[in-house]
Structure formats: C-alpha cells, structure tokens
2 protein chains.
Amino acid sequence: MSALSEVGAGTGADTVAGIAQAERRVIRLLIADDEHLIRGALEALLGLEPDIEVVASADNGVTAAELALQTRPDICLLDLEMPHADGIEAAVRILSTVSTRVIIVTRHARPGVLRRALEARVSGFVPKSTPAGELAAVIRDVAAGKRYIDHEIAASALSAERCPLTDRELDVLRVSRSAVGVQQIAEQLHLAAGTVRNYLSSAMTKLNAVSRHEAAEKAWQQGWI
Amino acid sequence: MSALSEVGAGTGADTVAGIAQAERRVIRLLIADDEHLIRGALEALLGLEPDIEVVASADNGVTAAELALQTRPDICLLDLEMPHADGIEAAVRILSTVSTRVIIVTRHARPGVLRRALEARVSGFVPKSTPAGELAAVIRDVAAGKRYIDHEIAASALSAERCPLTDRELDVLRVSRSAVGVQQIAEQLHLAAGTVRNYLSSAMTKLNAVSRHEAAEKAWQQGWI
DNA sequence: GCGAAACCGTGACAAATGTCACTGCTCTAC
DNA sequence: GTAGAGCAGTGACATTTGTCACGGTTTCGC
C-alpha cells in the first residue's frame with residue numbers, strides 16, 4: 001500500500017522533470033517456480049504491471065542460476081520448494097555470481113528458513129498467502145533497495161527460541177527422516193547403534209517429542225533440518 | 001492445442017451467421033484456492049482471455065459452495081488442497097445444489113483422488129504442472145460439455161491396482177497418521193489395542209511396509225485414505 | 001445351510017525402541 | 001588448569017511394536 005503511493009509520487013516528480021520520462025525504468029524480473037501453471041499465472045499477473053518485465057523463467061534452482069547469469073535481471077523471484085536446488089540454494093548461487101536482488105516466495109513459512117534466507121542475503125520473503133496485489137509493490141520496494149519481510153513470519157521467527165539441539169543431534173534427526181530403523185541411521189553416519197539411540201533420545205527430550213518421528217517433524221517445522 | 005483450434009473454428013462460423021455475434025458468450029468462472037497469491041495470479045491469467053470472466057473467488061471449500069449458489073457460474077475451478085472442505089468435498093456440495101461444471105486443480109496428483117473426483121461427477125482434473133497456456137483451453141473444453149482428465153494422472157490411475165485393504169484397516173491407518181501409540185488409536189476407534197495391532201500388521205503386510213508410518217504413507221500416496 | 005470373508009478379540013513371543021547410568025575423549029572459556 | 005559442553009560408546013532395563021496362532025461373531029453369496 002505505502003509502497004504503491006511512494007511509486008506514484010515518484011512518477012509524478014519525474015513528469016515534472018521531463019515529459020519523455022513518462023515511463024519509468026522497467027524492472028527486469030526472473031521467475032522460478034516448479035509448477036508451470038503457477039509460474040505462468042505469476043507471469044500474467046506481473047505482466048499487467050507496466051514497469052515490470054519478465055525476462056527469464058525457470059522450473060528449478062539450477063537453471064534459474066544459469067538464466068540469472070545470462071540475463072542479469074534486477075530481481076529474482078524464487079519459489080522456496082523446488083526440485084534439486086531449492087530457493088535458498090539457488091539464491092546463494094545467484095548472489096555469488098550476479099549483481100541482483102532475490103525475493104523468496106514460499107508456501108509453508110517456517111521460521112528457521114527465514115533465518116537461512118537472511119544469511120543468504122535475500123532481500124524479500126513473502127508467503128503465498130500474500131494478496132496478489134501486493135506482490136508488485138514488494139518487487140518495486142526491493143528494486144528500490146528496500147527489504148521486505150512478511151510481518152507474520154518475522155514475528156514468529158523472532159519469538160521462536162534458538163535451536164537447542166547439538167550438531168550431532170541434528171544430523172541424526174536429518175537421517176532419521178529417510179531411514180528406517182536405528183541400524184540404518186547408524187550405518188549412514190558411521191556410528192554405533194547405541195550412540196544413535198542416545199542422540200535421538202536427547203533430541204526427543206529437548207523437543208519433548210514422544211517418538212523420533214515426532215522429533216524430526218518438529219525440527220523440520222522449525223526449519224532446523 | 002486441438003481445443004484452441006476448435007474454438008477458433010467455432011468463432012469463425014459465428015461471424016458468418018451474424019456480425020453482432022462477434023464476441024462469444026463469455027464463460028462465467030468461480031475460482032477457489034486458499035493461497036491468495038496463486039488465486040490472484042490465476043485471475044490475472046484467465047482475465048487475459050476475452051471469453052472468460054471471473055465472477056467469484058473463495059479461499060476455502062465452504063465459501064466456494066456458498067458463492068457458487070449465489071453467482072451460478074458456468075465453471076468452478078477448485079484447488080484440491082484447501083482448509084475445512086477440500087476440493088472434492090466442495091465439488092460434491094456445489095454439484096448437489098447448482099447446475100455447473102467443476103474442474104479440480106491439484107499439486108500432488110494421487111491416483112485414488114482421481115477416482116474420488118470422478119465419483120463426485122467432476123468434469124476436469126488438471127495438475128499444477130500443466131502449462132499455463134493450456135488452462136484456458138481446458139476451461140473452454142469443459143464449458144463445451146467435454147471432459148478433461150490429465151493424461152499422466154489417468155494413466156497412473158488405470159495402472160494402479162485396486163485398494164487391497166479392508167474398511168477397518170483403512171480406518172486404523174487413517175487414525176494412525178495423527179495418533180501416537182497403538183493405545184490412542186484403539187481409544188479413538190473404541191477397539192482393543194491388540195485388535196489395532198492386528199489390523200496394522202495385516203495392512204503392513206498387504207502394502208509390504210516395514211512400519212505403520214510407512215504403511216500409512218503409502219496408503220496416503222495412493223489416495224486410499 | 002455352509003463356506004468365505006470381514007470383523008473383534010486374546011495371549012504369547014521376538015525384535016525394536018527409548019531411557020538411564022556411566023566411561024572416556026577433545027575442545028573452549030574463565 | 002580445570003570446569004563445562006559436546007562427542008562417542010557400552011551395558012542394562014522396561015516398554016512398545018509387529019507377528020503369529022487361535023477362538024469367536026456377523027454378513028453375504030451360492
């Protein structure tokens with residue numbers, strides 16, 4: 001809302017300076033989302049904005065990074081959930097090679113993920129529950145050098161307690177999500193079965209979960225693994 | 001593709017009949033998706049089509065049904081994953097009260113869900129991996145009385161074997177997803193703990209899963225629960 | 001009426017799981 | 001230098017879990 005009015009005021013000032021300057025410098029945008037329908041719909045939505053131009057679109061993090069290098073967009077709009085390289089991985093790759101800004105879009109906004117995103121020097125973080133009309137404003141904000149973090153996610157991230165688990169406990173929980181049985185976890189981590197049980201037990205106590213699955217689920221919800 | 005050319009041919013025939021008839025009868029559309037951003041983007045995408053008009057939009061199955069009753073759209077485009085009443089539940093409600101057609105849009109296209117959708121007399125079933133350009137063609141197809149089922153989902157649904165589980169086994173698996181411990185499952189279903197263990201065991205055998213969680217997961221993947 | 005299949009339950013058993021206590025080792029901070 | 005924290009492991013223990021065998025009931029089709 002406020003961003004829109006600011007842009008409006010800016011355009012007004014420009015027209016005073018020069019009539020030929022009526023159209024603002026367009027924002028060149030890259031979109032990455034693995035769901036074609038959503039990506040196409042977003043392109044249509046943002047294509048309605050006169051000052052935004054979609055110059056590249058990808059369906060995974062790897063090609064997103066490649067296209068960013070080729071097209072050098074002003075803003076990269078990346079979905080968090082993508083095959084192979086997720087949004088944050090893609091952001092890291094892109095920001096290490098191209099001078100651009102990244103906005104992450106996500107469905108399930110887990111607090112820990114926001115932390116990871118900010119560490120990756122992401123400029124914007126918006127959930128898919130955001131009203132469609134605001135997206136363009138967010139893009140303009142970020143293009144103007146501001147940051148935009150969704151209020152609700154920011155609040156829950158601030159109130160969320162720091163991860164109480166040790167590195168090893170996180171390792172064990174991570175593996176336990178895909179492995180069946182303590183023995184398999186132990187083999188994958190080159191540990192004794194008893195050690196794995198101990199880590200799982202302490203993790204379960206700290207998260208007060210009743211089973212290893214619940215503990216892994218809670219850690220995942222918090223974005224710790 | 002073929003649908004698009006058919007529509008084009010139809011328009012051509014109309015112009016011969018009458019010049020004032022140049023614009024076809026518009027398709028009145030209802031959209032339901034719990035993610036505001038996606039819903040808005042879809043509205044923008046379909047708003048580009050001259051013969052499609054979005055007359056209602058909802059963020060859950062219940063209000064979708066209410067709005068369908070009020071606005072009586074030609075087509076209802078329903079997301080499968082929605083809070084309170086999912087897409088199929090909403091479809092059942094709508095089709096029992098309003099004369100309209102329903103298209104289900106979904107992220108994870110599980111074969112069993114397609115069966116449920118067809119039993120609910122749904123006319124279209126498209127995954128979110130569909131190219132954005134095809135959606136309008138699908139809507140026109142369905143509005144013209146045709147059916148549209150995504151080829152890949154249809155194939156996997158045909159090749160998928162019939163559910164080998166009994167009603168009771170499905171009940172137990174369903175509850176096991178949210179309950180921790182056999183005792184809790186037993187209490188919720190008013191059964192003895194041993195009975196629950198037996199059902200779980202037989203279900204695990206039939207699905208050759210190694211734990212109850214895996215069995216529940218497999219049954220869920222197939223859309224049986 | 002009789003077999004088959006689903007339904008509900010019990011009892012017994014081995015294996016897996018979670019808990020606890022205790023022993024070392026290696027850092028790091030005070 | 002020593003106290004604390006994290007790391008790795010062992011052994012013992014009670015509980016939970018999954019499996020098996022068995023005895024009933026009801027329902028349905030032939």
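In what follows, chains are A, B, ... by sequence order, proteins preceding strands, each numbered from 1.
For residues 53-70 of chain A, the pairs satisfying side chain to side chain donor-acceptor pair (under 3.5 Å) are Arg39(A)-Ser57(A), Glu43(A)-Ser57(A), Asn60(A)-Thr63(A), with sequence neighbours left out. Every pair tested for side chain to side chain donor-acceptor pair (under 3.5 Å) that includes a residue from residues 179-188 of chain A fails, sequence neighbours excluded, so the list is empty. Counting only residues at least two apart or in different chains, ring pair (Phe, Tyr, Trp, His ring centres under 6.0 Å) contacts with residues 167-213 of chain B comprise His213(A)-His213(B). Among residue pairs with one or both ends in residues 91-150 of chain B, none qualify as ring pair (Phe, Tyr, Trp, His ring centres under 6.0 Å); sequence neighbours excluded.
In terms of phosphate contacts, Thr195(A) brings no side-chain nitrogen or oxygen within less than 4.0 Å of OP1 or OP2 of dC7(D). Remark: Arg168(A) is in phosphate contact with dA8(D), judged by side-chain N or O atoms under 4.0 Å from OP1 or OP2. A close approach under 4.0 Å does occur between a side-chain nitrogen or oxygen of Thr166(B) and OP1 or OP2 of dC7(C). The phosphate of dC8(C) has OP1 or OP2 within less than 4.0 Å of a side-chain N or O from Tyr199(B).
Between the side chain of Glu134(A) and the backbone N or O of Pro131(A), no donor-acceptor pair lies under 3.5 Å. Proximity of a side-chain donor or acceptor of Ser123(A) to a complementary backbone N or O of Arg147(A) within less than 3.5 Å is not detected.
Atom CG of Leu200(B) and atom P of dC20(D) are 15 Å apart (whole Å).
Side-chain contact check for Gln222(B) versus Cys163(B): every heavy-atom pair is 4.5 Å or farther apart. Contact of the Ile94(B) side chain with the Leu78(B) side chain is registered, since non-hydrogen atoms from C-beta on lie closer than 4.5 Å. Taking 4.5 Å as the limit, every side-chain heavy atom of Arg197(A) sits out of range of all side-chain heavy atoms of Leu200(A).
Bending across the helix from dG1(C)-dC30(D) to dC30(C)-dG1(D), expressed as the angle between its end axes from five pairs apiece, amounts to 30° (10° rounding).
Glu217(B) is linked by a side chain to side chain donor-acceptor pair (under 3.5 Å) to Gln221(B), counting only residues two or more places apart in sequence or in another chain. Evaluation of the salt bridge (Lys or Arg N to Asp or Glu O under 4.0 Å) rule for Lys128(B) yields Asp33(B), Asp79(B) as partners, not counting sequence neighbours. Applying the salt bridge (Lys or Arg N to Asp or Glu O under 4.0 Å) test to Arg168(A) and every residue at least two apart in sequence or in another chain returns Asp171(A). Taking Glu214(B) as the reference, Lys218(B) meet the salt bridge (Lys or Arg N to Asp or Glu O under 4.0 Å) condition, with sequence neighbours excluded.
Comparing atom distances between the Asn198(B) side chain and each of dC20(D), dA12(D), dG18(D) picks out dC20(D) as nearest.
Along DNA chain C, the nucleotide nearest to Glu169(B) and the one nearest to Arg197(B) differ in position, and the one closer to the 5' end is contacted by Glu169(B).
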List, with names and distances, any nitrogen or oxygen atoms from the protein found under 3.5 Å away from nitrogen or oxygen atoms belonging to nucleotides 28-30 of chain C.
none

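Listed by residue number, the members of residues 173-193 of chain B with any heavy atom below 4.0 angstrom from DNA chain C are Leu191(B), Ala192(B). Shown for residues 204-214 of chain B: residues whose heavy atoms fall under 4.0 angstrom of DNA chain D, namely Met204(B), Ser211(B), Arg212(B).
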